[in-house]
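Following: one structure in structure tokens, then a few remarks.
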Amino acid sequence: IPGGCLTEDLGKVFPAYNPATGEQICEVQEADKADVDKAVQSARVAFSLGSVWRRMDASERGRLLSKLADLVERDSVYLATIESLNSGKPFLPTLFLDLQGTIKTLRYFAGYADKIHGTSIPMDGDYLTFTRYEPIGVCGQIIPWNFPLMMTAWKLGPAIACGNTVVLKPAEETPLTCLYMAALVKEAGFPPGVINILPGFGPTAGAAIASHMGIDKVAFTGSTEVGKLIQEAAGKSNLKRVTLELGGKSPNIIFADADLDLAVEQAHQGVFFNAGQCCTAGSRIFVEEPIYDEFVRRSVERAKRRIVGNPFDPTTEQGPQISREQQNRVLGFIQSGISEGAKMECGGKALGLKGFFIEPTVFSNVKDDMRIAREEIFGPVQLIMTFKTIEEVIERANNTDYGLVAAVFTNNINKAMTITTAMQAGTVWINCFNALSTQCPFGGYKMSGNGRELGESGLKEYSEVKTITMKMVTKNS
Amino acid sequence: IKYNLYEFLFINNQWEDAASGKTFPTINPATGEVICQVAEADVADVDKAVKAARDAFRWGSPWRRMDASHRGLLINRLADAIERDSAYLAELETLDNGKPYAISYTVDLPTVVKCFRYYAGWADKWEGKTIPIDGDYFCYTRHEPIGVCGQIIPWNFPLLMQAWKIAPALATGNTVVMKVAEQTPLTALYVASLIKEVGFPEGVVNILQGMGPSAGAALARHMDVDKLAFTGSTEVGHLIQQASGSSNLKKVTLELGGKSPNIILSDANMEDAVEQAHFGLFFNQGQCCCAGSRTFVQADIYDEFVERSVERARRRVVGNPFDLKTEQGPQVDQEQFNKILGYISSGKREGAKLMCGGGVAADRGYFIQPTVFGDVQDNMTIAREEIFGPVMQIMKFKTLEEVVTRANDTKYGLAAAVFTKDIDKASYVSNGLRAGTVWVNCYDVFASQAPFGGYKSSGNGRELGEYGLDNYTEVKTVITKVPQKNS
């Protein structure tokens with residue numbers, strides 16, 4: 001909030017933990033409803049007609065985002081270290097993937113700021129008419145703990161490019177890197193009130209944002225369960241615009257003609273990346289019958305080789321789950337898998353005495369109606385099922401309330417085209433998984449969310465279109 | 001930088017002698033003295049540069065395989081390097097072209113940097129479409145680069161014209177062979193050293209200094225150049241278009257001359273209109289393709305407008321371009337100098353009323369006095385032909401319909417302006433003028449985001465803005481048979 005990162009009264013604080021050890025890193029101030037009110041007020045003032053932010057050249061907004069990207073790049077080792085410490089993500093992938101993704105996203109949207117075009121329109125009658133793409137206003141943004149920095153960039157990038165002001169609440173598990181970004185926002189030279197960052201909890205600060213009468217739009221990434229609450233809150237309050245990026249139970253379909261080595265490795269990364277804590281996790285792997293046994297065998301062998309350990313060890317592939325709560329939840333799903341009759345091929349237990357580690361776990365002989373096959377686990381648990389025909393697998397893959405991503409591995413162009421058309425999913429990958437890039441729109445069908453982030457589509461969610469029609473003496477083409 | 005870098009051509013990220021070994025001098029127009037010798041490219045050098053550009057464009061090359069976003073990053077780095085060296089570049093620009101240093105430094109250089117940054121942002125956002133065609137097919141378009149692009153630029157805004165050309169070409173993934181104006185080769189060559197510094201692969205940008213009839217013509221008729229972009233006179237524009245037709249039908253875009261009307265209605269804010277009309281004509285020593293060189297003033301305010309314009313022109317400070325008080329430097333060379341003086345003579349001969357100026361402004365260099373003609377008739381030479389110097393023509397009109405007709409009565413169509421407070425008159429005039437840019441209550445307002453180009457003989461195609469990318473793109477449609485299409 002303008003004036004610095006501290007509010008006047010050092011009120012409530014809450015701890016930030018290191019999930020590799022379970023130990024507290026430090027304490028962080030806790031924002032509540034009164035702080036949300038204050039932040040919204042400052043964002044509203046920064047957005048007023050005639051303000052520095054409203055009068056700024058669009059290209060200059062882009063320059064500020066570019067500057068922020070440069071600062072993140074300058075401090076990327078520090079940011080990667082804090083991100084790793086607070087979230088348990090292995091350090092090297094954090095440095096090379098998360099930090100690069102963050103920088104590239106900021107740079108991408110920096111480039112869009114002065115390219116958001118309205119149109120001039122040949123309407124009927126003696127009128128001159130054109131559209132302006134205006135910022136919506138004050139945008140509330142609530143982000144999750146699985147990719148703290150990247151999620152910050154995905155949210156700030158388009159909102160700022162379009163000229164909005166922002167009140168952003170990072171996840172209570174991972175407030176630290178977002179707070180450091182706040183310092184960089186100030187260093188980059190954003191006018192006061194344009195970006196406000198409040199660490200706090202969902203039921204208090206998050207709910208206050210979702211139901212605030214002074215917020216024009218809320219963007220939420222997190223669980224489908226909370227997504228529903230956000231949508232209700234918007235409906236009950238001021239009908240603020242809502243975009244949601246929620247959970248998934250994404251199908252990964254492997255045909256018998258696939259490159260088996262590639263498919264096994266991609267399916268492995270697709271579910272185990274980030275300790276299974278991805279909304280895109282390829283958590284239902286459908287393998288065509290002829291190659292099923294071999295696929296399971298290779299996947300188990302790969303899972304057994306997965307190195308779980310200290311995030312700061314460069315050989316570590318998998319760190320801890322984010323919290324004790326998440327760890328217990330995942331272990332609970334594993335138990336239900338066993339009790340419902342799936343075959344646990346490897347893993348299944350918590351690892352180590354400290355922190356929240358879980359062994360990479362593989363289930364085969366999974367039936368579609370088992371809990372593990374229907375609900376989002378968000379942990380290192382791979383499920384492998386078998387299928388016979390393409391029509392069957394399409395129906396089973398789509399048989400879910402989710403619809404975030406899907407993938408297909410095959411050499412056959414016709415199978416690929418058929419699957420990509422048939423999948424009810426916002427992103428479909430062919431012979432790859434988790435291939436995401438800032439230029440490509442991303443989001444969910446059905447209960448995986450609404451709206452798209454990234455790409456040009458990401459800008460639409462942060463603009464309000466105004467049509468201006470002026471009477472003319474006579475119109476000519 | 002090499003002390004004598006300007007003596008070489010820039011091909012394949014190397015500094016090369018001209019094949020013939022020939023050089024030519026570049027002159028400081030404020031003094032008429034030689035600054036230095038510069039390599040002179042001819043047909044053989046153009047061939048070499050085109051080969052380098054073609055090789056850099058080959059399937060599988062580093063440039064072709066590069067992420068679009070990385071092309072954007074390189075262009076951004078170039079912008080940063082130019083910004084870093086802007087004081088030096090502004091000095092060099094002023095030395096070689098004669099424009100006041102205060103303007104080079106505060107206008108030309110920042111605008112150049114912004115142009116590169118604007119197009120850097122487009123590199124990974126120039127998207128094709130997927131299209132619901134009839135039948136069981138999946139259809140999409142790819143926006144591909146055209147290939148090797150020849151670019152020929154003028155001497156009036158050397159750095160800015162280089163930016164307008166190479167920024168969109170590089171953003172879309174093309175390779176470039178650029179021939180710079182013989183009058184002003186220096187700053188483009190310095191930028192070449194920055195292109196190498198920031199890491200563009202070899203052969204992506206090649207820069208040749210040389211003459212129009214030799215190096216320029218060789219580029220225009222080259223069988224292995226896929227596209228030519230030219231900014232310069234309408235006369236040479238005709239030649240370029242013909243050369244394309246008689247060689248390989250290379251795509252051509254042209255940004256040519258103008259005789260732009262500036263229409264002042266009687267309800268205009270007089271002070272603003274006088275100052276903007278003055279600026280619109282005299283800026284850059286009158287050497288702008290879009291100069292407002294026919295100032296139409298409504299009858300009831302005509303006398304006052306002329307009086308005020310003459311007073312303003314008399315106050316215009318002509319002098320040493322490095323003096324920060326100077327508003328107007330020399331014309332770019334002897335040829336232009338003689339041509340402009342010739343037009344002034346014709347104005348007097350044909351009966352226009354010389355209100356001020358009309359002669360040479362200094363003993364050395366190519367300085368001309370700010371000159372104003374009143375009572376100009378539409379059929380006079382000074383009212384029909386592009387003068388490209390500090391000579392203002394003021395004519396009188398009665399009604400809106402009349403002035404729009406007279407304003408459009410020209411083979412040109414580059415820019416136009418109208419000064420008025422009335423909302424209906426502003427839209428009537430701006431919609432009626434056949435010009436690529438119409439300014440309302442302002443003049444010479446440019447932005448990298450806004451397309452610019454000419455109607456009629458002022459050119460074809462648009463530069464800047466998203467539209468500027470079209471000129472550097474080949475659209476490929478890909479149609480794949482699918483077993484069963486669903487919406």
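No more than 12 heavy-atom neighbours from other residues, nucleotides or ligands sit within 6.0 angstrom of CD1 on B:Ile423. The environment of CZ in A:Arg74 is crowded: more than 12 heavy-atom neighbours from other residues, nucleotides or ligands sit within 6.0 Å. Other residues, nucleotides and ligands contribute only 12 or fewer heavy atoms inside 6.0 Å of the OH atom of B:Tyr467. Shown here is B:Tyr105, whose OH atom has no more than 12 heavy atoms of other residues, nucleotides or ligands within 6.0 Å. Within a 6.0 Å sphere centred on CD1 of A:Ile413, heavy atoms belonging to other residues, nucleotides or ligands number 12 at most. Annotation for A:Glu395: atom CD does not count as buried by contact number, only 12 or fewer foreign heavy atoms lying within 6.0 Å. Atom CZ of B:Arg406 is surrounded by more than 12 heavy atoms from other residues, nucleotides or ligands within 6.0 Å.
Across B:Glu127 and A:Gln439, no two heavy atoms sit closer than the pair OE2-O, 4.0 Å. Among all heavy-atom pairs drawn from A:Lys471 and B:Asp424, the shortest one is O-OD1, 4.0 Å. Nearest heavy-atom pair across B:Asp67 and A:Lys104 is OD2-NZ, 4.5 Å.
Ranked by heavy-atom pairs under 4.5 Å with chain B, the first of A:His117, A:Met470, A:Lys115, A:Lys475 is A:Lys115.
Distance NZ/B:Lys485 to OG1/A:Thr421: 11.0 Å, rounded to 0.5 Å. In this structure, NZ on B:Lys114 lies 9.5 Å from CG on A:Asp114, to the nearest 0.5 angstrom. Taking OG of B:Ser427 as the start and CG of A:Asp126 as the end, the distance is 10.0 Å to the nearest 0.5 Å. Interatomic distance, A:Leu128 CG to B:Tyr428 OH, rounded to the nearest 0.5 Å: 15.5 Å.
Heavy-atom distances place no part of A:Asn476 under 4.5 Å from chain B, backbone and side chain included. Contact of B:Thr480 with chain A is made through the side chain alone, with heavy-atom distances under 4.5 Å. B:Asn431 touches chain A through its side chain: at least one heavy atom from C-beta onward sits under 4.5 Å away, while N, CA, C and O do not.
Taking the side chain as every heavy atom from C-beta outward, A:Met417 and B:Lys481 never approach each other to under 4.5 Å.
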task = Step by step, work out the side chain to side chain contact (heavy atoms under 4.5 Å, CB included) result for A:Ser59 and B:Arg117.
result = CA-CA 9 Å; A:Ser59 60; B:Arg117 289 195 172 133; over 6 Å; no
